[in-house]
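One structure is given below, encoded as structure tokens.
Just so we're on the same page: letters track the sequence lines, and every chain starts at 1. Since the structure is predicted, the reported quantities are computational estimates derived from the model, not experimental observations.
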Amino acid sequence: MKELDSIQKRLLEEIADLHAIPEGAYNIRSNSESAGRRSTANIEITPKTDVAGLDIRIKAGTRRESVHIPVVMTQSGLKEQVYNDFYIGEGADVVIIAGCGIDNCGMADSEHDGIHRFYVGKNARVKYIEKHYGSGDGAGKRILNPGTEVYQEEGSTVEMEMAQIKGVDDTERTTTAELAAGAKLVVRERLMTHGNQRAISTYVVNLNGAGSSADVVSRSVARDNSYQRFDAKIIGNAPCNGHTECDSIIMDNGRILAVPGLEANDVDAALLHEAAIGKIAGEQLTKLMTLGLTEQEAEEQIISGFLK
Amino acid sequence: MLELKHISFDVEDGGQDREIIRDVSLTIPDGRLVVVTGPNGGGKSTLARLIMGIEKPTSGTIALNGEDITNLSITERARRGIGFAFQQPVRFKGLTVLDLLRLAAGRELNPAEACEYLAAVGLCARDYINREVNASLSGGELKRVEIATVLARGTALSVFDEPEAGIDLWSFQNLIEVFEGMRKNISDSAIMIISHQERILNIADEIVVLADGQVEKQGPKDEILPGLIGTAAAVAACRKAI
Ligand SMILES: Nc1ncnc2c1ncn2[C@@H]1O[C@H](COP(=O)(O)OP(=O)(O)O)[C@@H](O)[C@H]1O
Ligand SMILES: [Mg+2]
């Protein structure tokens, strides 16, 4: 593995809790090059030849294995588009840890657009964890535009945890999913924007098979002058269950637009949307202050609990 | 020891000044359990909020252990040892019962310690410690968690505003024991409970009757309680506790 500098190491810790080379299969992408890669007997990682990115093939029946594919960028002005395709075999049960950390201390914008496609075989289970993080005090922006496409075969389960808590100036995240019969999708999104940041998160989930279900929950905090748009659409094309929830705390001069969307094309599609936007309640601050916290400490506790 | 001297609190109500608390003077010495009772709307919760610093008096002074705290913030008063269990506790999305107890204690709590506080208010710790303090808790559960946060603080002056509201009879018995236990160990601290409950009035050292923003009666329990039995200021548990 190539030596990483201390900033690259710090980014890796932030986005993937990585302090050393991960167990199992991995590819670490650093400033548009692979800084290390390992396939295992069941998980094969091969670089694409036509575009930047990887093909990740997970054998049917693979159990309790993990794939780490973190991306770090520390070179100001870098712009890249990366395509990673995951082929997850029937009955496999794996954890995929992605994430991108950008440190930009220069004048030029740094941008990583990661397109992830998941082809999830019958009865397979995938847990996908993705953290996005930005640092550095350059005027150049840290931009992340992830595109995630999920294709789920019968009886498969995909659980996604996506978090962007700090430092990303601009993000447009689009997630689409197509679910066959009995497939299940669970999404937990955590988002915090500050400064002049902008974050747009769009979901389009098609429940195509009988008994499929989706639960898409976003919790977000918009502070300072930041802007967020949460746009979640669930389309029920069969007897199915769909639920989306967007719960936001607004602070300072933040702005939030929540756009719920439900579409039922089957009489047995049961779809539900909940959305709430509000500031931190004064009584919550008061209660924590009666426990000895300052107003600022109380605010931090409330936010970190909310985004947990 | 807490000393209130000539505390008044006015609010603007429809363009007119309204006196909610009128010239109240009151001392709660260390080692004492004082129960404040009186009709609804009499100003009891307002008095508690003035003590905690959530409201500031229009006139008068408040001193804790000899220090004038009238102009101190909520946080500063909390750090000097005032604890407050709200009549209507607030809910938090995301914060767990354990989070709140830790913040209250001001340190990490191991599960066994946290369990002690929860057991004291009749909650089975295993079921509750990781529960979020959100809308999934019933009013009674929330109320007990609120009381547990004040127990976890171990403060020099603990104020409980109608702790029995929303608590079932079995837990009410438990609660009385908690207050009796606190009563035994309060040599250098004081307790103020706002309550209409005869059983709680019965464990008081002193009783204060607050009506229309004024102290109507004040004195040792044995002097005051007999005159209250059967009035709205002292109801039996079976009628009001549930
Ligand atoms: N900030 C305020 N503004 C206006 N009215 C208030 C305020 N605080 C309390 N009050 C009024 O003061 C009276 C006393 O209330 P409270 O202290 O809650 O009484 P108690 O706890 O004895 O039932 C009530 O009529 C209430 O509506
Ligand atoms: Mg009251």
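- Interface remark: of the candidates A/Ser304, A/Ala298, A/Ala281, A/Gly305, A/Gly305 forms the most heavy-atom pairs closer than 4.5 Å to chain B.
- The greatest number of non-hydrogen atom pairs below 4.5 Å with chain B, out of A/Leu307, A/Leu291, A/Thr294, is found for A/Leu291.
- B/Asp161 and B/Ser45 are linked by a side-chain donor-acceptor pair at a separation below 3.5 angstrom, with hydrogens and angles left out of the test.
- Salt bridge status for B/Arg91 with B/Glu132: absent, with no side-chain N to carboxylate O gap under 4.0 Å.
- Residues A/Ser226 and A/Asp224 bring no donor and acceptor atom of their side chains to less than 3.5 Å of each other.
- Heavy-atom distances place the side chain of A/Glu297, and not its backbone, under 4.5 Å from chain B.
- Using a 4.5 Å cut-off between heavy atoms, B/Ile54 contacts chain A through its side chain alone, with no backbone atom that close.
- At a 4.5 Å heavy-atom cutoff, the contact between B/Phe86 and chain A is made by side-chain atoms alone.
- Heavy-atom distances place the backbone of B/Ile82, and not its side chain, under 4.5 Å from chain A.
- Put simply, of A/Lys287, A/Glu295, A/Gln301, the one with the most heavy-atom pairs under 4.5 Å next to chain B is A/Lys287.
- Salt-bridge annotation for A/Glu130 and A/Arg173: present, with a side-chain N of the basic residue lying under 4.0 Å from a carboxylate O of the acidic one.
- Between the side chains of A/Ser156 and A/Gln152, at least one donor N or O sits under 3.5 Å from an acceptor N or O.
- When each of A/Ile280, A/Asp247, A/Ile302 is checked for heavy-atom pairs under 4.5 Å with chain B, A/Asp247 comes out on top.
- Side-chain atoms of A/Gln228 and A/Ser248 form no donor-acceptor pair, as typed in the model, at a separation below 3.5 Å.
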- prompt: Going through the distances and angles, do B/Leu50 and B/Val24 end up as a side-chain contact (heavy atoms from CB on, under 4.5 Å)?
  reply: CA-CA 11 Å; B/Leu50 285 162; B/Val24 167; over 6 Å; no

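- Interface residue A/Lys308: only side-chain heavy atoms are found under 4.5 Å from chain B.
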